[in-house]
There are 2 protein chains.
Amino acid sequence: MAARSPADVDLGRLEGALGFLLRLAQLRTQARFFEENAEADFKPGEFTVLWVIWHNPGIRQSVLGQKLMIKRAHMTKLVRSLEDRGLVTRRIPEDDRRAVELTLSTGAETQMKRAETRFFAFEERIGAPLSKTEVEQLNVLLRKFLGLG
Amino acid sequence: MAARSPADVDLGRLEGALGFLLRLAQLRTQARFFEENAEADFKPGEFTVLWVIWHNPGIRQSVLGQKLMIKRAHMTKLVRSLEDRGLVTRRIPEDDRRAVELTLSTGAETQMKRAETRFFAFEERIGAPLSKTEVEQLNVLLRKFLGLG
DNA sequence: TATTGTTATACTCTATAACTATA
DNA sequence: TATAGTTATAGAGTATAACAATA
């Protein structure tokens, strides 16, 4: 009855709960990232933000936040820290002086090219418990779940 | 070029990255949970911990932490808060006086029966963008990804 | 009035390291 | 020596509300 090892634990209905499985999958992925990429330039969140700015130069801070589900107040702090590290430049557009347009610095582009290799190599590795077809299925289902593509 | 709305944003290879999709899916699920369950007794993390204790009475604190990927130091604080609220009882077993065995209080069982209904109803709802078959596929793939069942 | 971004504050989750007690 | 749990501390992420500037 009283479980003495993780394998003995009975999760009951929880084991079929999508929210629970998503949380666990995300936690495990994040934990593995920090184990295997201790000396990486960027954390996953930073990489993602920089990546999207890189591929959408001049993107507005609010749009970036909406897309990546980052709240405005947190976005401010995040962008400030990237700016302080010389990775991102901010520009106030003439047509709407409330907004902020974000661009990658040239130094950041160089760093991102290196980080890209490492990051997507990791993405390949974490799919390992699944076959190539299964990874593709999982991708399709998650994108549909999220209303992307 | 410069994206003015989230729909315009180009995610490039990121859109096919498992870690990224998992993070977004988890974030969205969590955000929806708090929108729709503002008056719930328990947060998802608390519900999960209480659920596992409920279904594995006398489970050791360390085993629970391993299963749910909660670090020991955080586990201590979490269990303390549950104990302070009269939901969980701690017991030092005679055969290993370093360990702590966790059990649900009777009051907590009653609360959990109510919470169970709400929680799993939410779990049903979040699967909505997908068909029943797709939800089942997603469950299977995530469990395999996690090395469960 | 509504929107964009900022500031201030607080709470949760997580990470680390040093510690106690038990094995 | 190793393990289970605790304590203390720090950092990241997130939420809220109040605010300024602009639309």
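In what follows, every chain begins at residue 1, and chains take the letters A, B, ... in the order their sequences are listed.
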Review point. What distance do A/Glu46 atom CD and A/Met112 atom CE have between them, rounded to the nearest 0.5 Å?
Key: 10.5 Å

Study note, to complete from the structure: note: A/Phe42, atom CZ; D/dA12, atom P; distance rounded to Å ~ 15 Å

Point to revise | B/Gln61 CD to D/dT3 P, straight-line distance once rounded to whole Å | key: 17 Å

Practice item. Give the rounded distance in Å between these two atoms: CE of B/Met75 and P of D/dT7. Key: 15 Å

Exercise for review: Looking at every strand, decide which applies to B/Thr76 at a 4.0 Å heavy-atom threshold: base, sugar-phosphate, or nothing.
Suggested key: base

Side-chain atoms of residues 28-35 of chain B: list all donor-acceptor pairs with protein atoms under 3.5 Å, sequence neighbours left out, distances to 0.1 Å.
unit_1: B/Arg28; atom_1: NH1; unit_2: A/Leu146; atom_2: O; d: 3.4
unit_1: B/Arg28; atom_1: NH2; unit_2: A/Leu146; atom_2: O; d: 3.4
unit_1: B/Thr29; atom_1: OG1; unit_2: B/Ala25; atom_2: O; d: 2.7
unit_1: B/Gln30; atom_1: OE1; unit_2: B/Gln26; atom_2: NE2; d: 3.4
unit_1: B/Arg32; atom_1: NE; unit_2: B/Glu36; atom_2: OE2; d: 2.8
unit_1: B/Arg32; atom_1: NH2; unit_2: B/Glu36; atom_2: OE2; d: 2.7

**Study point:** Short side-chain to backbone donor-acceptor contact, B/Thr89 and B/Thr103, under 3.5 Å
**Key:** yes

Check your understanding: Looking only at atom types and distance, does a side-chain atom of A/Trp54 sit under 3.5 Å from a main-chain N or O of A/Glu109, one as donor and one as acceptor?
Key -> no

Exercise for review: Look at the side-chain N and O atoms of A/Ser62 and state whether any lies under 4.0 Å from the OP1 or OP2 oxygen of C/dG5.
Suggested key: yes

Revision key, fill the gap. Rounded to whole Å, the CG-C1' distance (B/Leu64 to D/dA4) equals 14 Å

**Study point:** Nucleotide D/dA12, atom C1' - distance to CZ of A/Phe33 in whole Å
**Key:** 15 Å

Review point. What about B/Phe42 and B/Trp51, are their ring centers closer than 6.0 Å?
Key: no

Practice item. Using atom CD1 of A/Ile92 as one end and atom P of C/dG5 as the other, report the distance to the nearest whole Å. Key: 8 Å

Practice item. Give the B/S/- string for nucleotides 13-23 of chain D, one per nucleotide from 5' to 3', where a protein heavy atom under 4.0 Å of the base yields B, of only the sugar-phosphate yields S, and otherwise -. Key: SBSB----BBS

Check your understanding: OP1, OP2 of C/dT3 versus side-chain N and O of A/Arg60: anything below 4.0 Å?
Key -> no

Practice item. Check the pair B/Glu123 / A/Arg13 against salt bridge (Lys or Arg N to Asp or Glu O under 4.0 Å), numbers first and verdict last. Key: CA-CA 11 Å; B/Glu123 283 292 333; A/Arg13 293 172 73 188; over 6 Å; no

Study note, to complete from the structure: Taken to the nearest whole Å, CG/B/Leu82 to C1'/C/dT12 is 14 Å

Review point. Does A/Ser81 use its side chain to pair, donor to acceptor, with the backbone of A/Lys77 at less than 3.5 Å?
Key: no

Review point. Taking atom C1' of C/dT6 as reference, at what distance in whole Å does atom CD of A/Glu83 sit?
Key: 13 Å

